[in-house]
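All remarks here apply to the structure that follows.
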Amino acid sequence: MSMVELSLRAASKRRAFAFRFRAACYLGVVAGASGCGGATASGTVQPPTSDGIRTVELGLPQTQGTAAPAAPGRNVPTIKINTVGYPTDWQKLAIFNIDPKGAVVKNDAGQVALSLDGVPVANKGIDRASKDPVWQVDFSKLTAPGRYTIELGEHKSDVFTIGDDIYDEAVLAGLKSFYFQRTRTALKKPHAVWKDQAYTRATASHVHADVGWDLEDYPEKKRKWTMAGGWHDAGNFDMYVPSTAPTAQALLMAYEWAPSSFGDAKLNIPESGNGIPDILDEAKWGLIWILSMQESGGAFRHREAVMKWSPEGPADKDKTVRWVAGVSTAATAKAVSVLALAARIYRPHDAPFAKRCEDAARKGWAFLVKTPERIKVDGKGSEQPKWDDEPGNSEVGAQFIAASEMWRSFRLSGALDKAKSYFGSKELKPEKHIRGAWANLSRWGLITLAQDSEAPADVRAYAKERVLAGAEILLRQSAKQDGYRCASTTDDYYWAHNSNLMEKTHVLAVAAKLASDGTAYQQAARDQWHWVLGRNPNGYSMVTRIGKGPTRLYHMEWGNHEPPPPGFLIGGPNYADMSFLSPGAPAKALLWQNPKTLRSGVAAGSLWHWKQSDLWDGGFVKEGEYTKGWWAVTEPDILYSANLVLAGVVVR
C-alpha cells in the first residue's frame, strides 16, 4: 500500500470517529460527570510549596501516557492576562495562581506603573474546571496607554498592551484566515502574506477534472456540477453547506452589527480596493459556492467532498475525486437563511449580487414550504459527516432561522407564522439555544426577532425573554462559578469549545443591548473575549498569530507551517475526547509538554501538537491507531473563525 493510500485510510478512520463523537457531544448523547464522556479523576490540592504556589496533582491518566498540561509556574505563567491587552476604559482583570500580595504592574521601561496592593482582589479558591488556585485582581485604575507586565518576585505575566482599538488586529486576522481557506484559487504574494510571513499555494486547488461528480449516481460518474468559490471547512479540504452557510451568516451578522468597523482595502485580499467592504468580498467567496449547490427546483445539495478524507499536503496537490451529495432540507434551510440576510446586506453595495441571493433564497424557501417532510442526505456509504442529518440531530434550528430571516428580509407573513410555530420547541429553550453551536442555530432566529422593530410585539417579547434567560444562565456561570470568569461549565469542554464560547459571547452582547441595564451582560461578554485571548488556565491566546497564540495547528495544508497562518481560532480544550491530557481538569485538556524530542521533530518541552505520532510517542494512543487525535483540540474551522470575528465586534 502506498504512503498516500495509508494517509487517506488513516484520515478516514480518524475523521469518521471524530465527527460521530462531535455530533454526540453537541446533542448531549454522550454524558459524563465532568465533560462529555471524559474521565473523572479528581484533583488533589497539595500544601503550599516553598515558592508559594499550590500545585494540583491531576491523577493518573487513563492510558500509559503521562499527562503534562498547563501548570502555573512550570510551563505557563502564574499570572494570566489577555495576551493582547485591554482598552483604556475597560475593566482590567488579571488571574493570579499565587497570592497577589506585593504584585506590581511595570511598564516596558521596567518602572512600576501601579502597585496592586490595595486594588480589588477576590480569592476564588480552587477553580473547578482547571484545579488552579485563583485570585481575581482588578487593576482597572491603570489607564495610561503602553506595554506592561505584571510581576511578583520571580513570577511574571506575558506582555500586554493598554490602548485604544487594540482588538482591530484580532478581528482582521480572523477575517484573513478565510483567504487561506479559499479553494479554487492560487494563494500568491502580496495577498498571501501576514507580517512578512508568506503562506502561498502555487496553483488553484480543486479545479481538476474529477471535481463535482453527482453522488446520486455513485459509483458511476454520469452528471457533473460546476463548482465555484468556497472555503475548505477546517483542517480538511471538504466543504459542507450546513457549516459554510452559518459561517457566512456570522460574518454578515458582524457587518450588520457594526458596518463602520469594516472598510475596503484593509484585508489585503485580491478584491481589496473595489469599493466594497472587504468582509463582504470575503463572505461572497463562500456565498457563491452555496449558490452553486442549488438545484433548479430550489433545494440545496449538502456537500462537496471526497468519499473518505483529505490527504495531507498543499490543497492544489489534492486530486481526489470530489462528489456533490444529495439534497437535505436542513442544508436548504441554512442556505435560505444566509441568502435572505445577504440579499439585504449586499443591496447597497452590489445590487446584482443581492438580487441573485434574493432569488435563490425565495426559490429555496418555496421548496421548503412545499416540502414539509424532512429530507436527510444520502451519503452513499461515505464516511463524511451528515451534520444536521446525523442520527438524533434536529433541523428545527435551521428551519427556524430560515423562517426568521425570510420574514426579516422580505416580510413574508407565512415565514413569520412558520417561525412562531417553533416557539414551543425544546431547541428554543434558554439552556438549549446557548449551547446550540452549528447543530441548533435557534439563538440567531431569536436574536433576529428580538431586535426587529417591525415584528409583532408579542413575537419580539418572546424572543427577547428567551435571549435574556439564556444570557442569565451564562452570566451566573461567568460571574459566580468560574474562577477565570468563563461561561463554560465543566460539561462544556467538548468539541469546538472555543467557538461555542464565542457564540455565548454573542448572546451576552445581544442581551446587553436588550436589557434595561446591560452592564453585567456586557462585562460577561468581554470576559469571554479575555478568556479566548489568553486569560485562561492554559495561558495562551487561542487564535494563531494574535497575542501569545498557538504555535502549531492541526491542518492538512498549513500544519507544517510554523508559525501558522493568522486568525485561526482552534477548537480548544476538549475533555470529552482528550481527558487523558488533563485528568480531572476539563479546561486544560489541550496542551502536553513532551519530555523528550519526538519523531515528528517536535523539541522536548513543547506544548502544542498536531502530528498523530506525538500521541503514539507519548503513550496516549496505541501505535498506528487514530481513535483519538489532535484534531479534537488544535484544529481550526471556518465557523470558529467566523464566530471569533462576530464576537470581536459585539464586545466593543
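On a predicted model such as this, the values are computed, not experimentally measured, just so you know.
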Inset, instruction - Report the residues that fulfil ring pair (Phe, Tyr, Trp, His ring centres under 6.0 Å) with Tyr540, sequence neighbours left out, ordered by chain and then residue number. - result: Trp608

Quick one: do the [X] and [Y] side chains pair a donor with an acceptor below 3.5 Å?
X      : Y      : result
His206 : His232 : yes
Asn574 : His497 : no
Tyr240 : Gln384 : yes

Can a donor-acceptor pair be found, under 3.5 Å and without considering hydrogens, that links the side chain of [X] to the backbone of [Y]?
X      : Y      : result
Tyr484 : Arg535 : no
Gln528 : Ala487 : yes
Lys319 : Asp316 : yes
Asn643 : Leu639 : yes
Ser541 : Lys548 : no
Thr78  : Pro72  : no
Lys131 : Gly584 : yes
Glu503 : Arg435 : no

Inset, instruction - Answer yes or no: does atom NZ of Lys317 have more than 12 heavy-atom neighbours from other residues, nucleotides or ligands under 6.0 Å? - result: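 Result for NZ/Lys317: open.
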
Inset, instruction - Would you check, one step at a time, whether the test salt bridge (charged side-chain N to carboxylate O under 4.0 Å, His left out) holds for Arg182 with Glu282? - result: CA-CA 9 Å; Arg182 287 188 183 189; Glu282 191 56 63; 2.9 Å; yes

Hey, does [Y] have a side-chain heavy atom less than 4.5 Å from the side chain of [X]?
X      : Y      : answer
Ser600 : Trp610 : no
Lys611 : Asn560 : yes
Thr489 : Arg128 : no

Inset, instruction - If the plane angle is over 60° it's perpendicular, under 30° parallel, otherwise tilted; pick one for Tyr86 and Phe160. - result: perpendicular

Legend entry - Whether Trp592 and Phe620 hold their rings parallel, tilted or perpendicular, with breakpoints at 30° and 60°: perpendicular

Inset, instruction - Assess whether salt bridge (charged side-chain N to carboxylate O under 4.0 Å, His left out) is satisfied between Lys124 and Asp482, documenting all intermediate values. - result: CA-CA 9 Å; Lys124 306 299 288 187; Asp482 192 88; over 6 Å; no

Inset, instruction - Given salt bridge (charged side-chain N to carboxylate O under 4.0 Å, His left out), test Lys588 with Asp132 step by step and report yes or no. - result: CA-CA 10 Å; Lys588 292 185 176 182; Asp132 288 339; 2.6 Å; yes

Legend entry - Identified side chain to side chain contact (heavy atoms under 4.5 Å, CB included) counterpart of Asp238 within the set Val306, Thr183, Thr320, Asp233: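 Only one of Val306, Thr183, Thr320, Asp233 forms a side chain to side chain contact (heavy atoms under 4.5 Å, CB included) with Asp238, namely Val306.
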
